[in-house]
Protein chains: 2
Amino acid sequence: MSEIAVTMKDVARYTGLSIATISKYINGGNVLDENKVLIEKAIVELGFKVNEIARGLKTNKTKTIGILMPTLENMFCTGIISNVENILIQNGYSTIICDYKEDAKLEKDKLDFLVNKMVDGIITMPHCISQEHLQGVINKGIPIVLVDRIVKGLECDVVLVDNLNASYDAVEQLITRGHRRIGIIIGPEAVYTAEERLKGYIRVHEDYNIEVDTSLIKNGDYQIESGYTLLKELVRMKDAPTAIFVTNYEMTLGAIMAANELNINIPSDFSFIGFDNLQMAKIVKPPLSIVIQPMQQIGEAAANLLLKRLKMDMANFPSMFRLKTEVSIKGSVREI
Amino acid sequence: MSEIAVTMKDVARYTGLSIATISKYINGGNVLDENKVLIEKAIVELGFKVNEIARGLKTNKTKTIGILMPTLENMFCTGIISNVENILIQNGYSTIICDYKEDAKLEKDKLDFLVNKMVDGIITMPHCISQEHLQGVINKGIPIVLVDRIVKGLECDVVLVDNLNASYDAVEQLITRGHRRIGIIIGPEAVYTAEERLKGYIRVHEDYNIEVDTSLIKNGDYQIESGYTLLKELVRMKDAPTAIFVTNYEMTLGAIMAANELNINIPSDFSFIGFDNLQMAKIVKPPLSIVIQPMQQIGEAAANLLLKRLKMDMANFPSMFRLKTEVSIKGSVREI
DNA sequence: CCCCTAACGCTAAACGTTTCGTTTATATTT
DNA sequence: AAATATAAACGAAACGTTTAGCGTTAGGGG
């Protein structure tokens with residue numbers, strides 16, 4: 001059943017050359033043209049494949065990048081993964097995608113797993129991981145690029161979005177259209193992006209001299225259901241907001257479903273701004289106003305930054321790419 | 001910057017024991033209690049970690065499973081991944097998740113990548129991959145479990161859902177409630193599950209002696225947008241269906257958005273049955289009737305089957321688990 | 001015709017494990 | 001006390017590569 005593996009030794013024997021020459025050929029060294037032909041033939045004939053494990057043992061390089069994400073059930077995460085991967089593949093790298101399911105222990109374990117697998121670099125969206133733990137990995141010579149979130153106290157390359165101003169801008173759009181009571185459905189308190197988005201919400205209120213009513217701030221968990229539940233809560237308040245801002249895709253989805261269910265007319269009953277997923281925003285009626293995160297840019301910037309570090313180019317370390325979001329205002333927002 | 005790696009040799013030197021003894025200890029062999037203490041201390045002191053690459057070279061085992069999926073942008077896929085992973089982790093295996101982006105070449109490449117990474121086994125939802133290619137991997141002694149789809153001509157373990165009857169049952173529910181013109185939004189023709197679901201639709205029509213009107217069959221691509229577009233097409237037909245059946249989650253989402261946009265009242269204008277995602281089905285109003293695929297069972301069955309093969313238990317090879325779906329009829333369906 | 005210089009190929013030593021066959025130390029039996 | 005059995009530790013050879021460093025070859029200039 002199990003075919004015995006073909007090694008360089010076999011190719012060497014087959015061609016009458018030495019193992020070293022085969023290795024040289026494989027790695028693009030100088031080999032006589034006639035021998036090139038010979039070796040190539042042997043490789044095809046025997047079905048030789050480089051044993052990456054053995055190679056990795058020698059070189060301490062695996063040409064593999066680890067991607068460590070909090071979840072795969074969130075299209076922002078998977079979107080980034082996709083874009084990162086595209087760039088890496090173009091550069092001859094493979095990827096190992098890990099999902100730590102928003103679990104602190106798993107996050108640590110999977111990080112160690114990646115290190116054990118000898119990945120050459122890591123791109124991660126961190127959650128609970130400690131600064132020390134990541135530092136340990138970096139000290140081993142494995143470059144890390146953080147995505148979407150920073151880790152306090154850690155000197156590390158990072159690519160993220162200006163969440164504070166994303167939120168600021170979105171809410172400002174509502175304020176300039178006359179809204180004063182603006183509900184916000186925000187992510188879990190512990191999550192960096194949620195914190196920042198809340199800060200933006202608060203700051204814009206301050207800047208416009210509007211008092212923040214904390215009862216308008218609803219903490220969800222970035223899942224569909226909390227968007228659904230919290231929108232209902234907001235709508236049912238006795239002093240309900242005139243506009244609602246939801247801060248990620250899944251909760252936006254849930255919120256819209258709740259609005260449909262309650263026969264709420266957007267924007268006449270409420271103005272509404274959601275997050276992410278342009279595709280959906282176009283589909284909904286009225287067209288949804290959303291904050292658009294540049295997922296492609298994020299993924300590409302992270303991948304390119306990591307590639308740079310892998311080439312031992314440590315210029316501007318640690319660098320921080322803070323990408324701008326775009327607020328797309330469509331029919332779901334009205335002036336009052 | 002880069003700490004020099006600690007090896008067994010260092011632990012051996014530190015403890016005054018031989019490398020062989022250290023290895024024995026690591027792998028749970030018999031070692032004097034006093035030496036156990038000594039070694040443990042050294043390991044902690046030096047920060048030793050087994051080099052999995054070197055170990056893999058020797059053992060030809062990596063305790064790693066490859067999961068190869070057509071996309072991560074589909075919650076059916078990510079749901080399965082999650083459940084598979086849970087079981088594997090419990091059994092001491094790690095996973096490498098690969099996304100081949102529904103691309104034939106990438107599917108082949110990533111499969112080879114996994115083989116090169118010396119994964120001990122593979123779980124995949126295949127698409128265009130040839131029977132030969134997969135057979136080649138199996139011949140190398142790497143067990144494969146297919147999920148959700150079969151590959152024609154390949155003797156291979158597989159875990160899937162009885163798609164034909166899933167579709168049959170759903171449509172039957174509509175028929176027994178008096179519907180005769182039933183629209184269906186189906187996946188791409190080339191995809192196995194789509195084929196099967198269409199067969200079920202056709203067969204139930206035959207069994208009830210209802211002629212199939214092919215203009216009621218709409219081929220989508222399993223994405224949100226096609227659900228949106230195709231629902232509109234169906235609704236706008238001059239001889240529109242009285243019920244619509246949508247055959248995956250993403251398209252269901254799109255279809256619902258279209259329905260909302262057109263101010264269609266479900267179920268008075270149309271009866272509606274969707275697919276997957278119980279969470280969403282509960283949220284929508286009226287509660288959505290859906291076909292529920294047992295994602296957890298699928299994932300667990302696939303993982304357990306693979307684990308069995310990894311223990312060299314080849315009983316009932318190739319086995320096929322054909323799991324049953326459940327049709328949950330809620331308010332979105334009415335009698336006419 | 002010889003020597004020099006490239007160009008190419010070879011030998012052998014790593015890389016960090018596991019594992020086989022042996023040796024050494026200890027305990028048990030006679 | 002000698003003989004034997006057992007447990008623990010050891011040395012060394014693998015696993016399939018890469019890579020110095022050295023040796024060989026052929027061709028060209030003097």
Side-chain angles (χ1 to χ4, degrees), chain A residues 2-40 42-43 46-64 92 115-120 140-142, chain B residues 2-40 42-43 46-64 112 115-120 140-142:
Chain A
S2 175
E3 292 167 5
I4 186 74
V6 179
T7 74
M8 283 192 180
K9 203 195 276 184
D10 300 312
V11 178
R13 192 176 311 135
Y14 190 95
T15 57
L17 296 167
S18 82
I19 295 182
T21 307
I22 311 301
S23 172
K24 212 169 174 187
Y25 170 78
I26 299 282
N27 295 291
N30 271 337
V31 176
L32 277 185
D33 281 348
E34 55 181 285
N35 285 337
K36 281 187 186 165
V37 176
L38 197 58
I39 296 174
E40 190 50 43
I43 288 178
L46 301 172
F48 169 78
K49 285 267 173 131
V50 174
N51 181 326
E52 296 286 350
I53 300 275
R55 171 183 277 176
L57 180 60
K58 250 333 250 192
T59 60
N60 267 325
K61 292 267 164 291
T62 54
K63 276 280 181 179
T64 302
V115 173
N116 263 6
K117 280 278 177 237
M118 303 268 170
V119 293
D120 297 344
K140 284 204 175 72
I142 302 177
Chain B
S2 174
E3 292 166 6
I4 186 74
V6 180
T7 74
M8 282 190 180
K9 204 195 273 181
D10 300 312
V11 178
R13 192 175 313 133
Y14 191 96
T15 56
L17 296 167
S18 82
I19 294 182
T21 308
I22 311 301
S23 172
K24 208 170 171 189
Y25 170 79
I26 299 281
N27 295 291
N30 270 339
V31 176
L32 277 185
D33 281 348
E34 56 183 283
N35 285 337
K36 280 187 185 166
V37 176
L38 198 58
I39 297 175
E40 190 50 43
I43 288 178
L46 301 172
F48 169 78
K49 286 264 174 134
V50 174
N51 181 324
E52 296 285 350
I53 299 275
R55 172 183 275 175
L57 181 60
K58 254 329 255 191
T59 60
N60 269 324
K61 292 267 164 290
T62 54
K63 275 281 181 181
T64 302
D112 290 342
V115 172
N116 264 6
K117 281 278 176 235
M118 301 268 169
V119 294
D120 297 345
K140 285 202 175 71
I142 302 177

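In what follows, chains are A, B, ... by sequence order, proteins preceding strands, each numbered from 1. Since the model is a prediction, treat every value here as computed from it, not as a measurement. Values reported hereafter were calculated over all heavy atoms of this structure, with side chains retained and with hydrogens, waters and symmetry mates removed.
- For A:M8, whose side chain is taken as the heavy atoms from C-beta onward, the closest listed nucleotide among D:dG11, D:dT17, C:dT17 is D:dT17.
- Distances shown here put every side-chain N or O of A:N30 at or beyond 4.0 Å from the OP1 or OP2 atom of C:dA7.
- Rounded to whole Å, the distance from CG on B:N60 to P on D:dT17 is 11 Å.
- Closest approach to the A:A20 side chain among C:dA12, C:dC8, C:dA13 is made by C:dA12 (side chain taken as heavy atoms from C-beta onward).
- Within the structure, a side-chain polar atom (N or O) of A:S23 is placed less than 4.0 Å from OP1 or OP2 of D:dT18.
- Distances were taken from every side-chain heavy atom of B:F48 (C-beta onward) to each of C:dG16, C:dC10, C:dT17; the shortest belongs to C:dT17.
- If you check every strand for non-hydrogen atoms under 4.0 Å, B:L17 touches sugar and phosphate atoms only.
- Rounded to an integer number of Å, the gap from B:K58 NZ to C:dT18 C1' is 5 Å.
- Rounded to an integer number of Å, the gap from B:K9 NZ to D:dG11 P is 13 Å.
- Both B:A54 and B:T21 lie close to DNA chain D; mapped to their nearest nucleotides by heavy-atom distance, the more 5′-ward contact belongs to B:T21.
- When each of B:K24 and A:I19 is assigned the nucleotide of DNA chain C with its nearest heavy atom, A:I19 is the one assigned upstream, toward the 5' end.
- The distance between atom CD1 of A:I22 and atom P of D:dT19, rounded to the nearest whole Å, is 16 Å.
- Between B:I26 and B:F48, the closest side-chain pair of non-hydrogen atoms falls below 4.5 Å.
- The side-chain heavy atoms of A:T15 and A:V11, taken from C-beta on, include a pair separated by under 4.5 Å.
- Here the side chain of B:N116 pairs no donor or acceptor atom with the backbone of A:E52 at under 3.5 angstrom.
- Side-chain N/O atoms of B:T62 and A:K117 include no donor and acceptor closer than 3.5 Å.
- Per the geometry, CE belonging to A:M118 stands 8 Å off P belonging to C:dG16, to the nearest Å.
- Distance, B:I26 CD1 to C:dG16 C1': 12 Å, rounded to whole Å.
- Within 4.0 Å (heavy atoms only), A:K49 reaches sugar-phosphate atoms of the nucleic acid but no base atom.
- Side-chain contact check for A:T7 versus A:N51: every heavy-atom pair is 4.5 Å or farther apart.
- When atom types are taken as modelled, the side chain of B:D120 and the backbone of B:K63 share a donor-acceptor pair closer than 3.5 angstrom.
- Contacts of B:I53 with the nucleic acid, taken as non-hydrogen atoms under 4.0 Å apart, are absent.
- For C:dT18, the OP1/OP2 oxygens have a side-chain nitrogen or oxygen of B:N27 closer than 4.0 Å.
- Rounding to whole angstrom units, NZ of residue B:K61 and P of D:dC15 are separated by 16 Å.
- Considering only side-chain N and O atoms, B:T7 lies nowhere under 4.0 angstrom from the phosphate OP1 or OP2 of C:dG16.
- Within the 4.0 angstrom heavy-atom criterion, only backbone atoms of the sugar-phosphate kind lie near A:L32; the bases stay farther away.
- Spacing between atom CG of A:L46 and atom C1' of D:dG16 amounts to 15 Å, rounded to whole angstrom units.
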